[in-house]
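Starting from 1, each residue takes its place in the sequence as its number.
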Amino acid sequence: VQLQASGGGLVQAGGCLRLSCAASGSIFSINAMGWYRQAPGKQRELVAALTRAGSANYKDSVKGRFTISGDSAKNTVYLTINSLKPEDTAVYYCFMTGGRFYWGQGTLVTVSS
């Protein structure tokens, strides 16, 4: 099973993007799905996660601007990002957990000031 992330790009500060992630195969009993990001020279950090029960959790600095949604039955997860800031510039990686941890290949988001 591979996760394919898409939707990144170059946007101006204040703009918005919608990232998508889909699994190429079926993941049995997904427990959680979400997104990490890794900015240049920094560690990868969790920005948003969605549990099977539908509970969403966000990194404090993105609350109110990021919205995670997904469909565990369809093995898809989305991240809507509003009011983008230059500090949001990073490679965004999706993940899904279900028996094991699956990583997506990453999609680059670049925010210009």
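The shortest side-chain heavy-atom distance between Cys21 and Trp35 falls under the 4.5 Å cut-off. Residues Cys94 and Gln4 are not in side-chain contact: their nearest non-hydrogen atoms beyond the backbone lie 4.5 Å or more apart. Inter-residue side-chain proximity for Lys59 and Leu46 is flagged as unmet; no heavy-atom pair is nearer than 4.5 Å.
Of all heavy-atom pairs spanning Leu17 and Gly7, the tightest one is CD2-O, 3.6 Å. Shown here for Val11 and Cys16, the closest heavy-atom pair between the two residues is CG1-O, 4.3 Å. Closest approach of Phe95 and Ala48 over heavy atoms only: CE2-O, 4.1 Å.
Between Tyr92 and Tyr36, the distance separating the two ring centers is not shorter than 6.0 angstrom.
Interatomic distance, OH of Tyr93 versus CG of Leu19, reported as 13.0 Å (0.5 Å rounding). Taking CG of Leu3 as the start and CE of Met96 as the end, the distance is 5.0 Å to the nearest 0.5 Å.
The salt bridge (Lys or Arg N to Asp or Glu O under 4.0 Å) pairs that include a residue from residues 13-38 are Arg37-Glu45, Arg37-Asp88, where partners are two or more places apart or lie in different chains.
Formation of a donor-acceptor pair under 3.5 Å by the Thr97 side chain with backbone atoms of Phe101 is not found in this model.
By the criterion of side-chain heavy atoms lying less than 4.5 angstrom apart, applied directly or through intervening Ile, Leu, Val, Met, Phe, Trp or Tyr residues, Tyr58 is grouped together with Met33 in one hydrophobic cluster.
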Let me check something: any side-chain donor-acceptor pairs from residues 102-110 under 3.5 Å, sequence neighbours excluded? List them with distances.
| unit_1 | atom_1 | unit_2 | atom_2 | d |
| --- | --- | --- | --- | --- |
| Gln105 | OE1 | Ala5 | N | 2.9 |
| Gln105 | NE2 | Ala5 | O | 2.9 |
| Thr107 | OG1 | Gly8 | N | 3.0 |

Side-chain donor-acceptor pairs under 3.5 Å in residues 69-86, sequence neighbours left out?
| unit_1 | atom_1 | unit_2 | atom_2 | d |
| --- | --- | --- | --- | --- |
| Asp71 | OD1 | Ala73 | N | 3.0 |
| Asp71 | OD1 | Lys74 | N | 3.2 |
| Asn75 | ND2 | Gly25 | O | 3.0 |

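Within 6.0 Å of CD on Gln2 lie no more than 12 heavy atoms contributed by other residues, nucleotides or ligands.
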